[in-house]
Amino acid sequence: MIDEVAPEREPLPEEPIPARQPRGGARRPRRMRRARPTVRSGSLAVALAAAILIALALAFQGFARWAGEHPGWAVLLGLAAVPVLYALLRGMPHARELRRAARAGMAEAEADALAAPPVPVDEPVSPTARAQEPPPVAGTFPPGPEEPTLAAPFHDGRTAPLPEPEAPDPYAPEPEPEPEAAVLTAAELDGVDLAGLDFAALDPDTFEEAVAALCRRDGCADAETVGGAGDLGADVLATAPDGRRVVIQCKRYGPENKVGSQDLQRFGGTCWSVHGAQLAVLVTTSEFTAPAEEYAEASGIRCVDGTELTAWAEGTGPAPWGPGATVR
């Protein structure tokens, strides 16, 4: 037998195998499909519009029926609705303008915010850099960022700078101490020559005792001081030689402090009604103001100033109950 030899086949041309793309490679963007309106949503809108129209028709029909039965009320309601509709129609353009202005303002604010320079923010310090910083010295504080320094003299434009305190003059003479007010009892004043007594140098209580001593010297044997917290304006009570009840108020004032009308008014409100005075006298080491003298003349109070008090003590002037005393 003859073996048959199979014919040799021609090799197929080799085609390049396409490279496989990795998973993380670029992908084609998916196409976004537009939402198509469905028939269901359109039918719902048509049904809603039909329902609104039917409701409006029924409401208009009911209103027309009611207006036919009540024409007077219908006319009044129509007249009242006219200004409301007019206000609504007129206000609609203004509302639109306001909305446009608000939108324009918001746009300007956003533009200004975008144009403003960015605010610098301090970068956080890493733990490594913070560990490399030298430790602070005890008793000192690290300076803050951009601490302002005030150069002397500093003026903030609102307050005036304080003047520097003057150094005391070592050669200036020391001020003389004020003399202490003399304190004397009633018994001591009865034995003192009152003509040479300086009434301004006495303390207030001693001044009252000195006026009472003057009253006893000139015929008021029962003169005594009653001054105190509840004296109600009376410092000395006495009985004049002619039998009148004398009520005296004493004011030891300095030369710069005068007796005013308020002092006279307070004394005049109690001397007659409370103390039953038949002769009211106000004695002072100072002077009286013009309104005080006018009030004293109108109310019948006798005023004795510092000059008249000195004359009374020296005997060159009359006592308040004497024939030469006058009401001022």
Side-chain angles (χ1 to χ4, degrees), residues 15-130 141-150 154-162 261-262 265-266 269:
E15 295 181 359
I17 300 175
R20 186 177 181 181
Q21 295 182 357
R23 293 185 178 180
R27 297 181 180 179
R28 293 181 180 179
R30 296 183 179 179
R31 295 181 181 179
M32 302 298 294
R33 297 182 180 179
R34 298 181 181 178
R36 297 179 181 179
T38 60
V39 179
R40 186 176 181 181
S41 60
S43 60
L44 288 176
V46 173
L48 181 61
I52 293 174
L53 291 176
I54 294 172
L56 290 176
L58 293 176
F60 180 77
Q61 184 179 2
F63 177 76
R65 186 182 303 170
W66 177 82
E69 297 176 357
H70 306 84
W73 289 103
V75 172
L76 294 177
L77 184 60
L79 294 176
V82 169
V84 176
L85 295 175
Y86 176 75
L88 291 175
L89 294 176
R90 189 175 181 181
M92 289 177 63
H94 295 284
R96 293 175 182 175
E97 294 178 0
L98 291 176
R99 286 196 294 269
R100 291 175 183 175
R103 292 173 182 174
M106 294 175 63
E108 292 180 0
E110 292 178 358
D112 295 340
L114 294 175
V119 180
V121 181
D122 297 338
E123 297 181 358
V125 182
S126 61
T128 306
R130 184 173 298 174
F141 297 92
E146 299 181 0
E147 293 183 351
T149 56
L150 303 180
F154 173 70
H155 303 282
D156 58 0
R158 292 175 294 179
T159 56
L162 297 177
S261 60
Q262 295 182 356
Q265 292 174 12
R266 285 192 291 267

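Fair warning: this is a prediction, and the values are worked out from it, not measured in the lab. For the single chain, residues carry numbers from 1 onward in sequence order.
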(request) Check side-chain contact (heavy atoms from CB on, under 4.5 Å) between I52 and all other residues, then give those that pass, not counting sequence neighbours. (result) L48, L56
Show which side-chain atoms of residues 64-83 pair as donor or acceptor with protein atoms under 3.5 Å away, not counting sequence neighbours.
residue : atom : partner : partner atom : Å
W66     : NE1  : H70     : ND1          : 3.4
H70     : ND1  : W66     : O            : 3.4

(message) How about CD on Q265, more than 12 heavy atoms from neighbouring residues, nucleotides or ligands closer than 6.0 Å, or not?
(response) yes
